[in-house]
Amino acid sequence: MTDKLCNVAVAVPLRTTFTYKIPAQLVSEIQIGSRVLVPFRKKSAVGVVTELTAEAPPNAKLREIQKSLDFVPALTPKLLELGQWIANYYVAPIGEVYRAMLPPLTELHAQQRLLLTEIGRSLPDSLDNSDPLCALLKKLKGAKSGLLLQSAIRSGIARPDLLKLQRRGLIEIRQEVQDRKRRMQRIVAWKETPANEHSASPLAGTDKQKLLSEKEEHLKNLLAVERGPLPLSQLIKLSGLSRAHIDRLVRRGKLESWQEPLDAAEDPFDSGYTPPAHALNAEQDRAFAAIRGRFELGEFGVQLLHGVTGSGKTEVYLRAVQDTLARGKTAIVLVPEIALTLWIGRQCRAWFGARFEGVAVLHSALSDVERAREWWRVRNGEARVVVGTRSAIFSPVENLGLIIVDEEQESSYKQEETPRYHGRDVAIVRAKLESALALLGSATPSMETYHHARERKYELLTMAQRVADRALPAPEIVDLREEFKQTHLTSPISSALHKGIEECLAFHTQALILINRRGYSWSVICRSCGASVQCANCSISLTHHKYRNRLECHYCGYTQSIPKKCPKCGSQYVYFFGEGSEQLEERLHKEFPKARIARLDRDTARTKRQYQETLGAFAAGALVVLVGTQILAKGHDFHRVTLVGVVGADSSLNMPDFRAAERTFQLLTQVAGRAGRGDLPGRVLIQTFYPEHYAIQDAVKQDYAAFFERELHFRRVMAYPPFSSLANVIIRDRSLDKAIQWSNQLSQFFTKHAPDEIRVLGPASAPLARLRSEYRFQFLLKSRKKAALAKLLSAAHAYADTKQIPETALLIDMDPLQLL
Ligand code: ADP
Ligand code: ZN
Ligand code: ZN
């Protein structure tokens, strides 16, 4: 008898699948798309079955599959196909592509449940009880929530028989992820009461009392200003107070404390407010009619919903999803960041949660168990709407009708590690594979997308007005050169911005202030020799973090203490240069000591909870000023914001990247769009040293069309996307010699094999010449023909294999968003 074999894509950085023997007892269970545990080298690895076969590769010593991990194949045929496309297009190892598509491995907590299908239910009651299978079906008929697979097996039924019942359509086998017992932690917060505000004043008293109230002042600063609520254990460490002391403060009403699951999945906005459904206005109605028209056709299509900020795109999305569900299909809604999954997920639940089976929310801040549970709910068909970030594009929904990509221009859709896919582009490919509609939405579409819309590859739907006749804000420029001439000060807060914040305080409205660097100062420079303090592993300046009292690398996480002397020349004149968000917040506290100010960036929002709390506090009106990085620019709908300030509009213009102007324009337009979303009109102040730059000028005019034309001209002249496709190829290694040797070899390959229609620039030292201790050389490939580019990259990869260039040393980035 010939062995039963199968090919398995193992999650390792190798671009092939591997053939394994299927042991007899697993033959009935192993299906295409199932996850299996296989021996790989000296370990076990998880892989996905891609093919059942009888042919062994010549002279191979085959090993056996160890275990089948799925009763229901995790990946559907469509997802397997999508994975293949990704592997080819992005030149990525298939096993790693599938790993990115799969739920987290939480097998220890998974169980399978058996349920009767409609057909199973319609079987006559007079089944033969002596047959164990019939007995099982009968038992299932009585059991409302089905039976656990384990208990069926314990009662003597064999797995293959269950699969037979499943294939005949009598039963359904669902994979469920069990709850682990939730681990709890105690959280402590500063209690905001009027009495509390004054009680901390260190008036007269013994020295001991003074010391204690100083500690309490520090505690207040920590909990109310710097960090927000903290787990008890962390608080003890940071404050230097004992547990007993903290308990005492809780009893005295200065602090409050509560228990919280270690991985809280709950939605912070849930106790708050869901916007009411609105009747669509004329523009929204026209857009929605066009979407419905597409659904009528029932075929693949791409639409771009270009709606200015505040034009009510969400409302159109929700109707589109509603219509999809009414047609018996499913929908995926992609949003660029976690807070928006919660916000839109909540609106979806309010709209669809009750009527339809449910909404799933998928994002990276869920714990593995939570994510696996949501994932299997989708796979089992229990949830028919999925809201999530980038990787939710791989949701295992079947019968897909609609994929929405909100803020399609956002760079967070691009994965910057293998597989380096772009969520929006994968969304379009998936829509095509499943004959679904891809609906891209934005106020500032990417150059590529808008170009396609103008060329009529995508259908363009426009909403040019804000809802309820609200005005678009008219941003004002604060010319920092003039400011300096007048004041001779270099404060990040100009006098106009200062006045604006005063007005917010006077009128009880709110301000958002954007700065696009975090930390206190971006670099530490020696006045004597000019050297900056660099990361030990990367060729990049370290950022000063004052609160944590150290220098940090924002690329690799390296930290070091603050040098007293220049590490190069020993001079004592080191100085700190460039304001970051931490410094801006500190200055705001100084200038507005009474105002409630908080900061939102990756340093203050380390956990989801902190992040949500700050946003929640701002939404609830408990804060007057929120300072933060890009996260502030995205999608939020705060109604009391009357002032938006942009402190460092220029730093994004100065990036060595052809997309710098596009990014600056998008950022300014988006952040300006946060103002004036309620009944109060909004002001936007943009502080800049380059008021003449067209990205800034057009953002001030909020004129997308003008910007697009100018930028398109530049792209055409320079043959940049959308007029060409790019690929970034990086050779990296810890050894400089090897990196040089391999890039020379690759260079020879390109010289010989690159066809005329592909331009190869390089090898050159990459803009980040060293990163995480690796030396980096770069080739930039440019072509008008995507297919030719893909072919050459694939060949280059194969060539690298023959030269024993390790898989990890060769980094291929197709359609790169960053050229670093
Ligand atoms: P966008 O995403 O286009 O910036 P949103 O979808 O956030 O805009 O909508 C902005 C605000 O307008 C929201 O508060 C929303 O509830 C409200 N809104 C949406 N549609 C209407 C409508 N037809 N009439 C009145 N208000 C609306
Ligand atoms: Zn020096
Ligand atoms: Zn570093």
Side-chain angles (χ1 to χ4, degrees), residues 273-288 305-320 333 335-336 340 343-344 346-347 350-351 404-408 439 441-445 461-470 472-473 524-543 551-560 563-575 619 633-641 669-679 682 702 768-774 776 820:
Y273 141 100
T274 310
H278 296 280
L280 295 185
N281 64 29
E283 275 193 328
Q284 286 171 319
D285 205 42
R286 222 174 304 133
F288 179 49
L305 178 59
H306 179 207
V308 298
T309 55
S311 57
K313 294 185 284 295
T314 318
E315 200 85 16
V316 176
Y317 297 155
L318 288 166
R319 310 263 164 165
V333 183
V335 292
L340 294 175
W343 177 241
I344 295 200
R346 197 166 127 67
Q347 298 190 49
W351 277 54
I404 292 174
V405 185
D406 186 28
E407 307 290 356
E408 64 83 29
L439 177 62
S442 177
T444 52
L461 319 174
T462 308
M463 301 200 299
Q465 307 292 328
R466 281 192 159 182
V467 296
D469 296 322
R470 279 175 205 148
L472 270 175
V524 186
I525 292 177
C526 168
R527 279 193 202 273
S528 305
C529 75
S532 70
V533 181
Q534 301 247 317
C535 173
N537 311 318
C538 312
S539 47
I540 200 89
S541 293
L542 291 173
T543 301
L551 305 183
E552 295 183 6
C553 173
H554 287 182
Y555 286 86
C556 75
Y558 169 86
T559 63
Q560 70 168 60
K564 298 227 161 47
K565 285 187 283 186
C566 169
K568 258 216 178 113
C569 74
S571 153
Q572 294 179 358
Y573 299 100
V574 287
Y575 75 108
K634 293 180 188 172
H636 305 291
D637 191 33
F638 300 123
H639 282 202
R640 291 196 66 78
V641 172
T669 312
Q670 290 287 348
V671 74
R674 297 312 115 212
R677 295 173 73 90
D679 299 328
Q702 300 244 6
L768 257 173
R770 227 174 130 234
L771 181 63
R772 298 187 185 91
S773 305
E774 289 179 322
R776 296 151 53 88
L820 296 175

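Quick caveat: nothing in here was measured; it's all calculated off a predicted structure. Remember, it's 1-based here, ligands and their atoms both numbered in the order they're listed.
Counted within 6.0 Å of CD on Gln560, heavy atoms from surrounding residues, nucleotides or ligands total more than 12; the atom is thus considered enclosed.
To the nearest 10 degrees, the angle centred on the Zn ion (ligand 3) between SG in Cys538 and SG in Cys535 reads 110°. Rounded to 10°, the angle formed at the Zn ion (ligand 2) by Cys569 SG and Cys526 SG is 110°.
With a 4.0 Å heavy-atom cut-off, ligand 1 is reached by the backbone of Ser311 and by its side chain too. With a heavy-atom cut-off of 4.0 Å, Ala279 touches ligand 1 through its backbone alone. Contacts with ligand 1 closer than 4.0 Å are made by heavy atoms of both the backbone and the side chain of Thr314. The proximity of His278 to ligand 1, defined as any non-hydrogen pair under 4.0 Å, is limited to the side chain.
The contact set between ligand 1 and Val308, taken as ligand atoms under 4.0 Å from a residue heavy atom, comprises 3 (O). Short contacts between ligand 1 and His639, defined as distances under 4.0 Å to a heavy atom of the residue, involve ligand atoms 14 (O). Close contacts between ligand 1 and Asn281 involve ligand atoms 23 (N) [criterion: under 4.0 Å to a heavy atom]. Taking every heavy atom of Thr309 and a limit of under 4.0 angstrom, the matching atoms of ligand 1 come to 4 (O).
Distances between N or O atoms of Gly307 and those of ligand 1 include no value under 3.5 Å.
Of the candidates Gly441, Ala468, Gly310, Gly310 brings a heavy atom nearest to atom 1 (P) of ligand 1. When Gln284, Glu283, Arg470 are ranked by how near their heavy atoms come to atom 23 (N) of ligand 1, first place goes to Gln284.
Gln465 contributes no side-chain N or O that, together with a main-chain N or O of Glu283, makes up a donor-acceptor pair within less than 3.5 Å. Judged by distance alone, with hydrogens and angles left aside, the side-chain atoms of Arg772 form a donor-acceptor pair with the main-chain N or O of Tyr555 at under 3.5 Å.
Among the backbone and side-chain atoms of Cys553, an N, O or S atom lies under 2.8 Å from the Zn ion (ligand 3).
Here SG of Cys526 is found 12.0 Å from NZ of Lys565. Values are rounded to the nearest 0.5 Å. With rounding to the nearest 0.5 angstrom, the CG atom of Leu551 is 12.0 Å from the CD atom of Gln534. Distance check: Ser528 OG to Tyr575 OH gives 11.0 Å after rounding to the nearest 0.5 Å.
Between the side chains of Ser532 and Ser541, a donor-acceptor pair is found at a separation under 3.5 Å.
Within the 4.5 Å cutoff, the side chain of Val524 has no heavy atoms near those of the Leu542 side chain. Side-chain atoms of Glu407 and Ser442, non-hydrogen and from C-beta on, do get closer than 4.5 Å to each other.
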